[in-house]
Structure formats: C-alpha cells, structure tokens
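Inspection log for the structure reproduced underneath, given as structure tokens.
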Amino acid sequence: MTYETTSATAIGEARAGAGAATPAARTPDHDPPGKAAPGTGLTRERVLAVCRSNWEYRGIDDASLREMLDELSGHLEEAAAAGRTPQDVVGADVKAFAAAWARAHTPLPLRVLRMAALIPFVVGSLLLLTHLLDRTLTLGIEAPRIAFYGALAIGAVAWGMRRGNLGFRRWMLLGVAALPVAEFTGWLIGDHPLFRLPLWGTLLFLVPGLPYAVKDFRARRGGPSKG
C-alpha cells in the first residue's frame, strides 16, 4: 500500500463515517495556519492527542504509532499552510477518522503476521530465561509448561485480534492468568518431562519475531512522536 493510497483511504473512510462535507477552500488571510475550525475548538494538537489515545487503546505497536502520528502531523501542517483547518483533514468526528486510519495502516493480515511471529518470540524468550536460570543446554519440557505456553498463545491471539499489540504489561498479565492452567495440567497429568529441548531449538523460536522486537525497541528509544 503506497503512502498516497493509505492516506486517501483513511481520510475518505473517516469523512464518510462522520458525514462531514468538504468545506470550500480557505485562504491564509481568512484562516491562519493552526487555527481551529470555528465553533469546534479542534486544533492540530487536539487531533493528534485524540488519535494517539485511540491508537494506543487499539494496541498499535510503538513503531507504527510513531509513523502514523508523523504522517498525520505532516498532513495537518500542509493543510495549515494552505489556510485550511484540522477539521478539513479529519472531518467532524476525530475518533471515526482515527479508527479508519488505524484500519488502513494495520490491516488484519499484517496483524496476524505480527502475532504469528511475536508469540514464538515471547515463548522463546521465556525458554531462554529458563536455560540461563537452570544453567543448562537442554530443557525438560513437561505438560504444565506446554499448557502454560498454550494458554498464553490463545490469550495473545484473542487479545491481538480484537485490540492489536499487547505490550509488555499485557503479556505479563496473560502470563499470570495462564499459571492456573499450568497448575491444573500438572495436577491432572503430572510434571514428568515429555521431551528435552536443546538450546538451539529455543533460539529458533526467537527468529520470526526478532525483526518486530528490534523495530519496537528502536521506536521506544526514539521516544513517542509529539507531532
């Protein structure tokens, strides 16, 4: 999806959903750059703040969130330079615009791909931590451990398909919620090892999600975009 197609799709969907008509063009003399639409109080800063809040709630990953805010900020600056208000860009309903923009930038196939890569990465990270704590090159994999990771994966998929990226805090909450599943499985089946996993096998779990993890880390290091 190109920059132009994405932008046009998001803006078009938002305006259609909000039922906003495109106002006549304004000149800078009549509508100075950065001025809010009359009677709305809708400034550039307000638009960016509402969109940021909406996208964070949807779980947009850090790197994509930063890119989306930068892109939207550029559109708003261009509109202001042309003597247009923020409402000319986003329509009457900023939340509807934010939802359309999120759908355009993070379609379902991309979210599925990201989730399919990050779940093994999280599992591999937990396994690698266990390798280090136990100081062993091979791990005994028991039924409770499999049940724990299975519950973690199911919860991550369910949340991710509904909201988007989980973030570290939600991963921790899912891990706590999966502990009773592991305990029950251990009580039901036992905790004797079913097979042993070598260190190189654990490292393979990390490979699919590594690019996503690096991208998110760089986005956090860069800091959230302020527009």
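Note: hydrogens, waters and symmetry copies are ignored here, and every other heavy atom, side chains too, is used.
- In this structure, OG1 on Thr185 lies 11.5 Å from CZ on Phe148, to the nearest 0.5 angstrom.
- The two atoms that bring Ala178 and Ala151 nearest to each other are CB-CB, 3.8 Å, heavy atoms only.
- The hydrophobic cluster containing Val123 does not contain Val181, counting ILVMFWY residues as joined when their side-chain heavy atoms lie under 4.5 angstrom apart, directly or transitively.
- Inter-residue side-chain proximity for Leu126 and Phe121 is flagged as unmet; no heavy-atom pair is nearer than 4.5 Å.
- Between His75 and Val90, every side-chain heavy-atom pair lies at or beyond the 4.5 Å cut-off.
- Listed by first then second residue, pairs satisfying salt bridge (Lys or Arg N to Asp or Glu O under 4.0 Å) with a partner in residues 180-197 number zero, not counting sequence neighbours.
- Using a 4.5 Å heavy-atom threshold, the side chains of Val122 and Tyr149 count as separate.
- Atom CG of Leu197 is separated from atom CG of Leu137 by 11.5 Å, given to the nearest 0.5 angstrom.
- Summarising the geometry, atom CG belonging to Leu199 is positioned 9.5 Å from atom OG1 belonging to Thr138; distances are rounded to the nearest 0.5 Å.
- Put simply, the side chain of Cys51 does not reach to within 4.5 Å of the side chain of Trp101, judged on heavy atoms.
- When all heavy atoms of His131 and Thr136 are compared, the closest pair comes out as ND1-O, 2.9 Å.
- When side chains are defined from C-beta on, Ile119 does not count as touching Phe205, because their heavy atoms never get closer than 4.5 Å.
- Here the CG-OG1 distance, from Leu129 to Thr202, works out to 11.0 Å after rounding to the nearest 0.5 Å.
- Here the closest heavy-atom approach between residue Pro208 and residue Ala117 is recorded as O-CB, 3.4 Å.
- Hydrophobic clustering (side-chain heavy atoms under 4.5 Å, transitive across Ile, Leu, Val, Met, Phe, Trp, Tyr) groups Leu206 together with Leu210.
- Using a 4.5 Å cut-off between side-chain heavy atoms of Ile, Leu, Val, Met, Phe, Trp and Tyr, with links allowed through other members, Ile154 and Leu174 fall into different hydrophobic clusters.
- The minimum heavy-atom distance linking Gly140 with Pro193 is given by the pair CA-CB, 4.2 Å.
- Following chains of ILVMFWY side-chain contacts shorter than 4.5 Å, one can reach Leu139 starting from Leu194, so the two form part of one hydrophobic cluster.
- Contact annotation: the side chain of Lys95 approaches that of Val50 to within less than 4.5 Å [non-hydrogen atoms, C-beta and beyond].
- Contact of the Leu127 side chain with the Ile141 side chain is registered, since non-hydrogen atoms from C-beta on lie closer than 4.5 Å.
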Handout entry: side chain to side chain contact (heavy atoms under 4.5 Å, CB included) assessment of Leu72 paired with Trp55
Key = CA-CA 13 Å; Leu72 177 56; Trp55 295 337; 4.1 Å; yes
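- For the atom pair CZ of Arg84 and CG of Leu76, the computed distance is 10.0 Å after rounding to the nearest 0.5 Å.
- Atom CD in Glu78 sits 10.0 Å away from atom OG in Ser73 (nearest 0.5 Å).
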